[in-house]
Colleague: 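Let me give you the structure first, and then I'll get to my questions.
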Amino acid sequence: MFKPVVETLLRGEFICPTAYADEYGYLRQPDNFQKVADYLAPLDRALCTLDGGEAFYAGYTVIDETNRDQIREAFSDIRSQLRPVVEWMDLVMTVMGSDRPVRARDEIRLHHMLRVIEPEPSLCEQMARLTQMPLFRTARTNVAEQLLWVLQKLEQSGYLVKPNPQGTTYLVTGKMDYLHQVIAFLNDAEDLELDESEDRGEQAELFQ
């Protein structure tokens, strides 16, 4: 299990109970956690845990010429996904009648969402706006097709997994909790203008 765990982390993925149950269980063992952490250290990586322990990921400990482009690309990806995913979370909160954003392990049921959205013009309009945003952009106009497309894009981006490939139920992954952490960092830094460039110190904080 050591090898697939390390390879998954070095690909920049988040190991959580919904996306990588076996790997997550492996890292929950202190000896295994330390073994992986020791392996990553000479690579200028740290084995990090999200608040609440819902996911493990590899953060950079040093920023230099060998990894600056990789860090900038990863940070750019998160920034480009931030607004669309937050808008999607807002839609889900409305559909579910919830007062909290979705987090790791939450269930997203396609058919339930569709039953609530289709009869409600304001939610259909919100879905139409969502599918004009970069991450979810599509020419599809049918609400069911739009919703399926958005869920598929979230799955491709690592925010959702589908336990049963033939099913219509998705589970939220630990990457969503990481996004919450990024939002909290930006709020603390009072830097919500995503079009402005971030300095290297802020990039380092987000990846450790």
Colleague: Has Gln146 got a side-chain atom pairing as donor or acceptor with Arg140's backbone, closer than 3.5 angstrom?
Modeller: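 Between the backbone of Arg140 and the side chain of Gln146 there is a qualifying donor-acceptor contact (under 3.5 Å).
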Colleague: Looking just at side-chain N and O atoms, do Gln34 and Asp38 make a donor-acceptor pair shorter than 3.5 Å?
Modeller: yes
Colleague: Begin with the C-alpha distance, continue with both residues' side-chain angles, and end with the deciding distance and a verdict on side chain to side chain contact (heavy atoms under 4.5 Å, CB included) for Gln70 and Tyr60.
Modeller: CA-CA 10 Å; Gln70 291 174 293; Tyr60 289 93; 3.7 Å; yes
Colleague: Is there a donor-acceptor pair under 3.5 Å between the side chain of Ser157 and the backbone N or O of Tyr159?
Modeller: no
Colleague: Distance check, rounded to the nearest 0.5 Å: Leu110 atom CG versus Arg115 atom CZ?
Modeller: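 Between atom CG of Leu110 and atom CZ of Arg115 there are 10.0 Å.
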Colleague: Can you find a heavy atom in the side chain of Leu154 that is under 4.5 Å from one in the side chain of Ile108?
Modeller: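 With C-beta onward as the side chain, the pair stays apart.
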Colleague: For Leu9 and Phe56, which heavy atoms make the closest approach, and how far apart are they?
Modeller: CD2-O, 3.9 Å
Colleague: I would like to know whether Thr94 and Glu120 meet side chain to side chain contact (heavy atoms under 4.5 Å, CB included); could you show each step before the answer?
Modeller: CA-CA 11 Å; Thr94 302; Glu120 181 54 58; over 6 Å; no
Colleague: Give a yes or no on whether the backbone of Val172 and the side-chain of Thr18 come within a donor-acceptor separation of less than 3.5 Å.
Modeller: yes
Colleague: Does any non-hydrogen side-chain atom of His180 lie less than 4.5 Å from one of Met89?
Modeller: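 Of all side-chain heavy-atom pairs linking His180 with Met89, at least one is under 4.5 Å.
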Colleague: Report whether Val161 and Tyr170 are members of the same hydrophobic cluster (ILVMFWY, side-chain heavy atoms less than 4.5 Å apart, transitive linking).
Modeller: no
Colleague: Supply the atom-to-atom distance Leu40 CG to Leu10 CG, rounded to the nearest 0.5 angstrom.
Modeller: 6.0 Å
Colleague: Does the ring of Phe33 carry Arg28 above it, NZ/CZ under 6.0 angstrom from centre and within 45° of its axis?
Modeller: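 No, Arg28 does not lie over the aromatic ring of Phe33.
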Colleague: Once rounded to the nearest 0.5 Å, what's the spacing between atom CD1 of Ile117 and atom CD of Glu125?
Modeller: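 So the gap between those two atoms works out to 13.0 Å.
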Colleague: If I take atom CG from residue Leu160 and atom NZ from residue Lys153, how far apart are they, to the nearest 0.5 angstrom?
Modeller: 13.0 Å
Colleague: How about Gln126 and Asp90: do any of their side-chain heavy atoms sit closer than 4.5 Å?
Modeller: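 Yes. Closest side-chain heavy atoms under 4.5 Å.
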Colleague: Examine distances only and state if a side-chain atom of Thr61 and a backbone atom of Asp44 form a donor-acceptor pair shorter than 3.5 Å.
Modeller: yes
Colleague: Does Arg103 offer a backbone N or O that forms a donor-acceptor pair with the side chain of Asp106 under 3.5 Å?
Modeller: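 Judged by distance alone, yes, a pair lies under 3.5 Å.
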Colleague: When hydrophobic residues are tied together by side-chain contacts of less than 4.5 Å, even through go-betweens, does Val86 share a cluster with Val95?
Modeller: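 Linked, Val86 and Val95 end up in one cluster.
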Colleague: Does any part of the side chain of Glu87, heavy atoms only, come nearer than 4.5 Å to the side chain of Phe136, both counted from C-beta?
Modeller: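 Of all side-chain heavy-atom pairs linking Glu87 with Phe136, none is under 4.5 Å.
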Colleague: Mind checking whether Arg100 and Met93 have side chains closer than 4.5 Å, heavy atoms only?
Modeller: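 Of all side-chain heavy-atom pairs linking Met93 with Arg100, none is under 4.5 Å.
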Colleague: Tell me if a side-chain donor or acceptor on Ser76 pairs with a main-chain N or O of Arg72 at a distance below 3.5 Å.
Modeller: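 Not confirmed, Ser76 side chain does not pair with Arg72 backbone.
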Colleague: Under the 3.5 angstrom rule, does the side chain of Arg137 hit a backbone N or O of Gln132 as a donor-acceptor pair?
Modeller: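 Side chain of Arg137 to backbone of Gln132: a pair is present.
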Colleague: Starting at CG of Leu27, measure out to CD1 of Ile15 and round the result to the nearest 0.5 Å.
Modeller: 5.0 Å
Colleague: State whether the side chain of Trp88 and the backbone N or O of Leu130 hold a donor-acceptor pair below 3.5 Å, judged by distance alone.
Modeller: no
Colleague: Can you get from Phe14 to Leu47 by hopping between Ile, Leu, Val, Met, Phe, Trp and Tyr side chains that sit under 4.5 Å apart?
Modeller: no
Colleague: Look only at the side chain of Thr173 and the backbone of Gly158, and say whether a donor-acceptor pair between them is shorter than 3.5 Å.
Modeller: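 Side chain of Thr173 to backbone of Gly158: a pair is present.
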Colleague: What are the two closest non-hydrogen atoms of Asp177 and Ala104, and how far apart are they?
Modeller: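 For Asp177 versus Ala104, the nearest heavy atoms are OD1-N, 2.9 Å.
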Colleague: Does the side chain of Val85 reach to within under 4.5 Å of the side chain of Met176, using non-hydrogen atoms?
Modeller: yes
Colleague: Taking all atoms of both residues into account, what is the closest heavy-atom pair of Glu118 and Val143, and its distance?
Modeller: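 Looking at all heavy atoms of both residues, the shortest contact is CG-CG1, 4.2 Å.
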Colleague: Between Val36 and Tyr26, is a side chain to side chain contact (heavy atoms under 4.5 Å, CB included) present by the stated rule, with each step listed?
Modeller: CA-CA 10 Å; Val36 173; Tyr26 177 86; 4.0 Å; yes
Colleague: One pair to check against side chain to side chain contact (heavy atoms under 4.5 Å, CB included): Met133 and Arg129. What are the steps and the verdict?
Modeller: CA-CA 7 Å; Met133 303 186 81; Arg129 290 194 302 272; over 6 Å; no
Colleague: What distance separates Lys35 NZ from Asp31 CG, expressed to the nearest 0.5 Å?
Modeller: 8.0 Å
Colleague: If hydrophobic clusters are built from ILVMFWY residues whose side chains come within less than 4.5 Å, do Tyr24 and Leu50 share one?
Modeller: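 Each belongs to a different hydrophobic cluster.
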Colleague: Where is the tightest heavy-atom contact between Cys16 and Gly174, given as atom of each residue plus distance?
Modeller: SG-N, 3.2 Å
Colleague: Are Leu147 and Leu171 connected in a single hydrophobic cluster, I mean Ile/Leu/Val/Met/Phe/Trp/Tyr linked by side-chain heavy atoms less than 4.5 Å apart?
Modeller: no
Colleague: Of the non-hydrogen atoms in Pro163 and Pro165, which two are nearest, and what is the gap between them?
Modeller: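 Residues Pro163 and Pro165, closest heavy atoms: O-CD, 3.6 Å.
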Colleague: Taking all non-hydrogen atoms of both residues, which atom of Thr168 and which atom of His111 are closest, and how far apart?
Modeller: OG1-CD2, 3.4 Å
Colleague: So, do Lys175 and Glu13 sit near enough that their side-chain heavy atoms are less than 4.5 Å apart?
Modeller: no
Colleague: Check the orientation of Tyr39 and Phe2. Use parallel for under 30°, tilted for 30 to 60°, and perpendicular for over 60°.
Modeller: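 Perpendicular.
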Colleague: Find out whether Thr131 and Val150 are in side-chain contact, i.e. whether some heavy atom of one side chain is under 4.5 Å from a heavy atom of the other.
Modeller: yes
